[in-house]
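What follows is a single structure, written as structure tokens, with notes after it.
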Amino acid sequence: MGGRPNPEFLRRAIALATANVEQGRGGPFGAVIARDGAIVSEAANSVTLTNDPTAHAEVNAIRAAARALNSFTLAGCELYTSCEPCPMCLSAAYWARIDAIYYGATAADAARAGFDDAFLYEELRKTHALRKVPSTQLLGEEAQASFEAWLKSATKVDY
């Protein structure tokens, strides 16, 4: 992986975001995944269109790129996104092993448009008990069975 960012890929992500709004298909977010100077996938936000709260542009583009490349890792790829990724999309990019992220608008710009992710960052800093949606561990010992099965599996694929 190397080379310089390609502003045309970011322009494409911005165009996808704008068209998404103008066509009444969803929020103002678009994303492009590129590798070796070519677009692998592109997507727009489809949260309200599909009733899927995870259908952010970046996640949609990552899913499409993984299908196109027939791989769960996108090492060697770059993510171009119309706006700085939210915590979920940033995490997805890390899980996908994206090499670099280039974005147009900032999280502050998104907040001014009504898409404020600041509360998510604050929630992640809190202990489980203090979060708005509390998390409580149950059946911890029983849950180890799936990890034991994984460790013994002859068919596991490390990722």
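Only heavy atoms go into these numbers, but all of them, side chains included; no hydrogens, no water, no symmetry mates.
Side-chain contact, Ser46 with Asn60: a donor N or O sits under 3.5 Å from an acceptor N or O. Thr81 and Glu58 share a side-chain donor-acceptor pair at under 3.5 Å. Side-chain atoms of Glu123 and Tyr121 include no donor-acceptor pair closer than 3.5 Å. Counted by atom type alone, Thr73 and Ser71 present zero donor-acceptor pairs between their side chains at under 3.5 Å.
Checking side-chain atoms of Arg35 against main-chain N and O of Ile33 turns up no donor-acceptor pair under 3.5 Å. With Ser146 contributing its side chain and Ala143 its backbone, the two residues share a donor-acceptor pair below 3.5 Å. Between the Ser41 side chain and the Ala61 main chain, a donor and an acceptor come within less than 3.5 Å of each other. Of the possible donor and acceptor atoms, none in the side chain of Asp116 sits under 3.5 Å from a partner among the backbone N and O of Ala111. Using modelled atom types, no side-chain atom of Glu78 and backbone atom of Ala100 make a donor-acceptor pair closer than 3.5 Å.
When each of Ile62, Asp99, Leu69 is checked for a side chain to side chain contact (heavy atoms under 4.5 Å, CB included) with Cys77, only Leu69 meets the rule. With Ile14 as reference, Ser82 is the one residue of Cys83, Ser82, Pro28 to meet the side chain to side chain contact (heavy atoms under 4.5 Å, CB included) rule.
Between Gly30 and Leu16, the shortest heavy-atom distance links the atoms CA-CB, 4.1 Å. When all heavy atoms are compared, the tightest approach of Leu79 to Ala31 is CD1-CB, 4.0 Å. Closest non-hydrogen pair, Ala13 versus Val32, comes out as N-CG2, 3.9 Å. Pro5 approaches Pro7 most closely through the heavy-atom pair O-CD, 3.3 Å. Pro53 and Met88 get closest at one heavy-atom pair: O-CE, 4.1 Å.
Summarising the geometry, atom OH belonging to Tyr80 is positioned 11.0 Å from atom CD1 belonging to Ile98; distances are rounded to the nearest 0.5 Å. With rounding to the nearest 0.5 Å, the separation of CG in Leu124 from CZ in Phe119 is 9.5 Å. For the atom pair CZ of Phe72 and OH of Tyr159, the computed distance is 8.5 Å after rounding to the nearest 0.5 Å. Rounded to the nearest 0.5 Å, atoms NE2 (His128) and OG1 (Thr136) are 9.5 Å apart. In this structure, Asp52 CG and Asn45 CG are separated by 10.0 Å, a value rounded to the nearest 0.5 Å. Atom CZ of residue Arg63 and atom CZ of residue Arg67 lie 8.5 Å apart, to the nearest 0.5 angstrom.
In Asn70, the CG atom is not crowded: 12 or fewer heavy atoms of neighbouring residues, nucleotides or ligands sit closer than 6.0 Å. More than 12 heavy atoms of other residues, nucleotides or ligands sit less than 6.0 Å from atom CZ of Arg131. Atom NZ of Lys156 has more than 12 neighbouring heavy atoms from other residues, nucleotides or ligands inside a 6.0 Å radius.
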Take Leu49 and Asn20, measure what side chain to side chain contact (heavy atoms under 4.5 Å, CB included) needs, and give me the verdict at the end.
CA-CA 10 Å; Leu49 184 68; Asn20 205 46; over 6 Å; no

One pair to check against side chain to side chain contact (heavy atoms under 4.5 Å, CB included): Ile39 and Phe9. What are the steps and the verdict?
CA-CA 8 Å; Ile39 292 177; Phe9 294 154; 3.6 Å; yes

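Inter-residue side-chain proximity for Arg97 and Leu74 is flagged as unmet; no heavy-atom pair is nearer than 4.5 Å.
Checked against the 6.0 Å centroid criterion, the rings of Phe115 and Phe29 qualify as a close aromatic pair.
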